[in-house]
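Whatever order the structure lists ligands and atoms in, that order sets their numbers, starting from 1.
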Amino acid sequence: MQIAVPKEIKNHEYRVALTPTGARELVARGHVVTVQSGAGEGAGFQDSDYEAAGARLEADVSTVWTGAELILKVKEPQPEEVSRLTTGQTLFTYLHLAAEESLTRGLMASGATCIAYETITDRQGGLPLLAPMSTVAGRMAVQAGAHSLEKAQGGAGVLLPGVPGVAPGKVAVIGGGVVGENAARMALGLGAEVTVLDKSIPRLETLDDRYQGRMKTVFSTADAIDEAVRESDLIIGAVLIPGAAAPKLITRAMLADMKPGSVLVDVAIDQGGCFETSRATTHAEPTYVVDGIVHYCVANMPGAVARTSTQALTNATMPFVMALADKGWKQALADDRHFLPGLNVHDGRITYAAVAEAFGLESVDPATLVK
Ligand SMILES: NC(=O)C1=CN([C@@H]2O[C@H](COP(=O)(O)OP(=O)(O)OC[C@H]3O[C@@H](n4cnc5c(N)ncnc54)[C@H](O)[C@@H]3O)[C@@H](O)[C@H]2O)C=CC1
Ligand SMILES: CC(=O)C(=O)O
Ligand SMILES: [Mg+2]
């Protein structure tokens with residue numbers, strides 16, 4: 001199969017979808033891998049590393065896309081990338097479609113087969129291709145939040161660990177999944193006072209057990225969120241309803257109840273964000289202030305630590321990339337019921353119910369397409 005790896009073009013996105021190690025595996029299986037020149041540079045992989053692995057290097061971005069049957073990316077395609085996609089091509093990347101109607105419609109119009117990393121499932125009920133980046137983003141969320149609390153960033157001037165004689169800062173994490181647990185763990189490590197809110201009792205039980213009561217676990221209700229809003233120095237938004245737009249849990253009116261200079265880090269921004277006042281930002285300009293509250297809403301947080309993230313992401317994607325390359329999308333999805341929900345768009349139709357619902361459109365059951 002002809003496989004292409006374009007250079008990512010989203011703002012400050014330094015990850016790459018395939019490492020030289022991955023390229024070597026694909027080439028050994030008889031596939032042709034074309035990597036756009038410089039695609040791996042931000043993650044510390046040189047063109048010569050890909051060449052040594054047997055990949056072809058191509059400087060012209062149009063040529064990279066035109067000849068490909070399978071396109072491997074990291075971030076959702078940007079408008080100029082959507083316009084390059086055509087019928088018969090398979091795209092494998094993060095899509096987060098429920099947050100972006102124009103992207104969804106663009107992918108439908110392209111006629112391509114679009115498989116999202118973030119909606120692939122596993123036997124444990126997890127999201128194995130989202131989890132590695134959620135781990136990274138959760139850990140970064142506390143770094144970002146701690147930095148945003150500094151006065152020069154518009155923050156209240158609170159040091160999360162406190163100092164002897166001065167109490168530590170309070171961190172609330174809404175959503176105790178992969179992002180939430182990793183954020184809470186980092187905040188605990190810093191010495192902050194940490195509360196995790198979740199709607200899942202089993203999840204709260206797991207966290208309570210794992211951290212032996214060192215973080216408070218609270219069932220997520222409107223009242224509990226009100227209390228977090230009043231008390232916290234830093235709130236991290238980490239909820240997910242798979243494939244769907246994030247619920248808005250903190251409204252603009254509620255910002256008035258927060259301490260001035262407190263910080264909201266909305267990690268769920270890639271699914272539209274869980275705070276009413278969130279809008280996606282970039283690593284170039286990660287924060288803005290609304291009603292005295294600092295907002296950090298970067299939609300590709302792991303891109304900033306591209307070396308670590310690329311390795312973690314490709315460890316998880318490689319088995320699926322191999323299956324797509326060896327068998328083609330139809331057989332690969334037919335053979336694996338956890339891969340099947342990755343299909344979001346095929347030949348002009350939406351194949352993921354929550355995405356279709358977000359825009360009042362019809363969806364097709366992906367199982368009917370792979371028979
Ligand atoms: N901004 C970025 O760069 C990145 C963003 N993400 C995003 O972070 C979000 C969270 O991802 P994961 O932790 O992997 O998901 P997850 O599925 O592991 O955890 C989500 C948790 O939210 C909980 N939840 C749902 N509704 C809730 C509510 N109303 N109140 C409290 N908890 C609620 C669920 O019970 C679950 O435990 C996703 O939108 C994901 O796409 C992930 C990686 C990078
Ligand atoms: C999950 C995601 O959107 C990211 O890693 O950028
Ligand atoms: Mg996005």
Side-chain angles (χ1 to χ4, degrees), residues 8 10-17 73-76 93-100 103 116-122 124-141 144 172-185 195-207 217-225 228 235-250 265-275 278-283 286 295-306 308-310 312-314 316-317 354:
E8 293 296 317
K10 191 171 172 128
N11 184 290
H12 285 263
E13 180 52 70
Y14 300 105
R15 285 172 289 180
V16 61
K73 273 183 48 61
V74 178
K75 287 312 288 183
E76 71 280 356
T93 190
Y94 285 117
L95 290 174
H96 304 294
L97 293 184
E100 276 192 67
L103 172 61
Y117 293 158
E118 75 276 5
T119 55
I120 292 170
T121 57
D122 65 19
Q124 291 74 40
L127 302 168
L129 270 54
L130 183 60
M133 296 304 94
S134 291
T135 302
V136 171
R139 292 180 182 200
M140 286 179 75
V173 181
I174 309 180
V178 181
V179 167
E181 179 177 2
N182 279 282
R185 186 180 147 170
T195 303
V196 179
L197 297 86
D198 203 294
K199 278 209 164 305
S200 157
I201 298 281
R203 190 61 196 157
L204 294 175
E205 280 169 355
T206 301
L207 294 175
T217 57
V218 174
F219 187 67
S220 180
T221 59
D223 271 348
I225 292 173
I235 300 183
I236 295 172
V239 302
L240 176 64
I241 297 162
K248 302 289 179 222
L249 300 175
I250 297 182
V265 173
D266 199 343
V267 185
I269 190 66
D270 56 358
Q271 294 291 144
C274 60
F275 310 132
S278 296
R279 57 173 169 77
T281 58
T282 63
H283 287 291
H295 291 58
Y296 175 102
C297 306
V298 175
N300 60 333
M301 295 172 70
V305 289
T308 302
S309 297
T310 293
L313 178 62
T314 57
T317 55

- prompt: Taking only heavy atoms of Val298, which atoms of ligand 1 are found under 4.0 Å from at least one of them?
  reply: 1 (N), 2 (C), 3 (O)
Close side-chain approach of Glu181 to Arg203, heavy-atom, < 4.5 Å: yes
message: Can you confirm whether Asp266 sits close enough to Cys274 that some side-chain heavy atom of one is under 4.5 Å from a side-chain heavy atom of the other?
response: yes
- prompt: Any N or O of Asp270 that comes nearer than 3.5 Å to an N or O of ligand 2?
  reply: yes
task: Taking only heavy atoms of Leu130 into account, list the atoms of ligand 2 that are under 4.0 Å away from them.
output: 1 (C)
task: Write out the residue and atom name of the closest protein heavy atom to atom 6 (N) of ligand 1, then the distance separating them to 0.1 Å.
output: Asp270 OD2, 3.3 Å
- prompt: Does ligand 1 have any atom sitting under 4.0 Å from a heavy atom of Ala131?
  reply: no
query: Looking at atom 9 (C) of ligand 1, what's its closest protein heavy atom, distance included?
result: Val239 O, 3.6 Å
- prompt: Any nitrogen or oxygen of Pro302, main chain or side chain, under 3.5 Å from a nitrogen or oxygen of ligand 1?
  reply: no
message: Heavy-atom pairs closer than 4.0 Å: do any link ligand 2 to the side chain of Arg15, the backbone, both, or neither?
response: side chain
message: So for ligand 2, is Lys75 a polar contact partner (N or O within less than 3.5 Å, distance only)?
response: yes
message: Classify the ring geometry of His12 against Tyr14: parallel below 30°, tilted from 30° to 60°, perpendicular beyond 60°.
response: perpendicular
query: Can you list the ligand 1 atoms lying under 4.0 Å from a non-hydrogen atom of Ala299?
result: 1 (N), 2 (C), 3 (O)
task: Under 4.0 Å from a heavy atom of Leu197: give me the atoms of ligand 1 that qualify, with their elements.
output: 31 (C), 32 (N)
- prompt: Does a side-chain heavy-atom distance below 4.5 Å link Tyr94 with Asn300?
  reply: no
statement: Closest to atom 43 (C) of ligand 1 by heavy-atom distance, out of Gln271, Arg203, Met133, Met140, is Met133
field: Subset of ligand 2 atoms that lie under 4.0 Å from at least one heavy atom of Ala299
entry: 3 (O), 6 (O)
query: In terms of atom number and element, which parts of ligand 2 are under 4.0 angstrom from non-hydrogen atoms of Met133?
result: 5 (O)
query: Can Glu181 be said to touch ligand 1, with heavy atoms closer than 4.0 Å?
result: no
message: Please check whether Asn300 reaches ligand 2 - meaning an N/O of the residue sits under 3.5 Å from an N/O of the ligand, judged on distance alone.
response: no
- prompt: At a 4.0 Å threshold, what atoms of ligand 2 neighbour a non-hydrogen atom of His96?
  reply: 1 (C), 2 (C), 3 (O)
statement: Numbered in order shown, the ligand 1 atoms found under 4.0 Å of a heavy atom of His96 are 41 (O)
- request: Would you mind listing which atoms of ligand 1 come within a distance below 4.0 Å of any non-hydrogen atom of Gly175?
  value: 22 (O), 31 (C), 32 (N)
field: Region of Ser220 that comes within reach of ligand 1 [heavy atoms, distance under 4.0 Å]
entry: side chain
message: Could you tell me, atom by atom, which parts of ligand 1 come under 4.0 Å of a heavy atom of Asn300?
response: 3 (O)
field: Shortest protein heavy-atom distance from atom 44 (C) of ligand 1, along with the residue and atom involved
entry: Ala137 CB, 3.4 Å
Quiz item: cation-pi between Lys199 and Phe219, 6.0 Å / 45°: yes
Pro302: numbered ligand 2 atoms lying under 4.0 Å from its heavy atoms: 5 (O)
- request: Please confirm whether Glu118 comes under 4.0 Å of ligand 1, counting heavy atoms of the residue only.
  value: no
